[in-house]
Each structure stands twice: as C-alpha cells, then as structure tokens.
Chemist: 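Supplied in structure tokens, the structure appears directly below.
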Amino acid sequence: MNVRMRLDPEAVASSGRALAGIAQRMADDVAVLETTVAGPGNPWGGDDSGGVFAVAYQAVLGHALQALGSHVQQMGEAALTLTEQARAVAATDATAAAALRAES
C-alpha cells in the first residue's frame, strides 16, 4: 500500500504556537482560580459555616486543580511536540532536497 502524506511544516509550527498560547491562558486562568478560592479574599467568608464549607470545598478543589494542571501540562507538551515535529520535517525536507541537488 502506497500512502502519501502532505505536511506543511509552517502550518504545523503555527498550530504548535497557537496551542502553546492556549496552554498559557489555561495556566493563567487556573492561577487566578486558585488565588480567588484560596487567597485572603476567599468567597465563603470567615464565619463558622463558611469555614466548614471551605474545608470540604478545598478538598475537592485540590483534586480539580491537580487535574486542570495536568491538562495544562499536556497541552504544553503537545504544543512543543508539534513545533519539534515541524522543525524535524523541514530539516528532513531540506536534507533530501540538498541530496537531490548534489546528485544532479
């Protein structure tokens, strides 16, 4: 079976950069969320019922923030992989083109 694949390295690199931007915005949003719910101006107040709620909420929030952090990391890794693959394809193409010119 003969399969052809066309890949535009610049388009792939551009997608990698866009994905990196998304990952950065996600990281910023997670940081804002964490600061909002764990910072001094927390949303549940300082009374007893707010304190009880905060303990339960923060336990769940810890797991959620961990999951969100994992997603941010995966997005960043995917962005890096796309960029690296684009560079690798461009380098391979350049090497092959140089070899073809040398044989001519």
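Position 1 is the first residue of the sequence; numbering continues from there.
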Chemist: For atom CG of Asp48, is the number of surrounding heavy atoms from other residues, nucleotides or ligands below 6.0 Å larger than 12?
Modeler: no
Chemist: Working to the nearest 0.5 Å, report the span between CD of Glu34 and CG of Leu68.
Modeler: 10.0 Å
Chemist: What heavy-atom pair brings Val12 and Leu82 nearest, and what distance separates the two atoms?
Modeler: CG1-O, 3.4 Å
Chemist: Would a hydrophobic clustering, with Ile, Leu, Val, Met, Phe, Trp and Tyr connected at side-chain separations under 4.5 Å, put Leu33 with Phe53?
Modeler: yes
Chemist: Look up atom CZ in Arg25 and atom CE in Met75, then write down how far apart they are to the nearest 0.5 Å.
Modeler: 9.0 Å
Chemist: Which pair of heavy atoms, one from Pro9 and one from Ala86, lies closest together, and at what distance?
Modeler: O-CB, 3.2 Å
Chemist: Kindly compute the distance separating CG (Leu80) from CD (Gln85), expressed to the nearest 0.5 Å.
Modeler: 10.0 Å
Chemist: Would one find more than 12 heavy atoms of other residues, nucleotides or ligands at under 6.0 Å from atom CZ of Arg87?
Modeler: no
Chemist: In the single-linkage hydrophobic clustering (I, L, V, M, F, W, Y; side-chain heavy atoms under 4.5 Å), do Ile22 and Val32 co-cluster?
Modeler: no
Chemist: State, to 0.1 Å, how close Gly76 and Ala23 come at their nearest heavy-atom pair, and which atoms those are.
Modeler: N-CB, 3.8 Å
Chemist: Can you tell me how far CG of Leu19 sits from CE of Met26, rounded to the nearest 0.5 angstrom?
Modeler: 9.0 Å
Chemist: Without hydrogens or angle criteria, can the side chains of Ser70 and Gln74 be said to hold a donor-acceptor pair below 3.5 Å?
Modeler: yes
Chemist: Grab the two heavy atoms, one from Ala20 and one from Ala79, that are nearest each other, plus how far apart they are.
Modeler: N-CB, 3.4 Å
Chemist: Judged by atom type as modelled, is there a donor-acceptor pair below 3.5 Å linking the side chain of Ser14 to the main-chain atoms of Glu10?
Modeler: no
Chemist: Identify the two heavy atoms, one from Ala13 and one from Thr83, that lie closest to each other, and give their separation to 0.1 Å.
Modeler: O-OG1, 4.3 Å
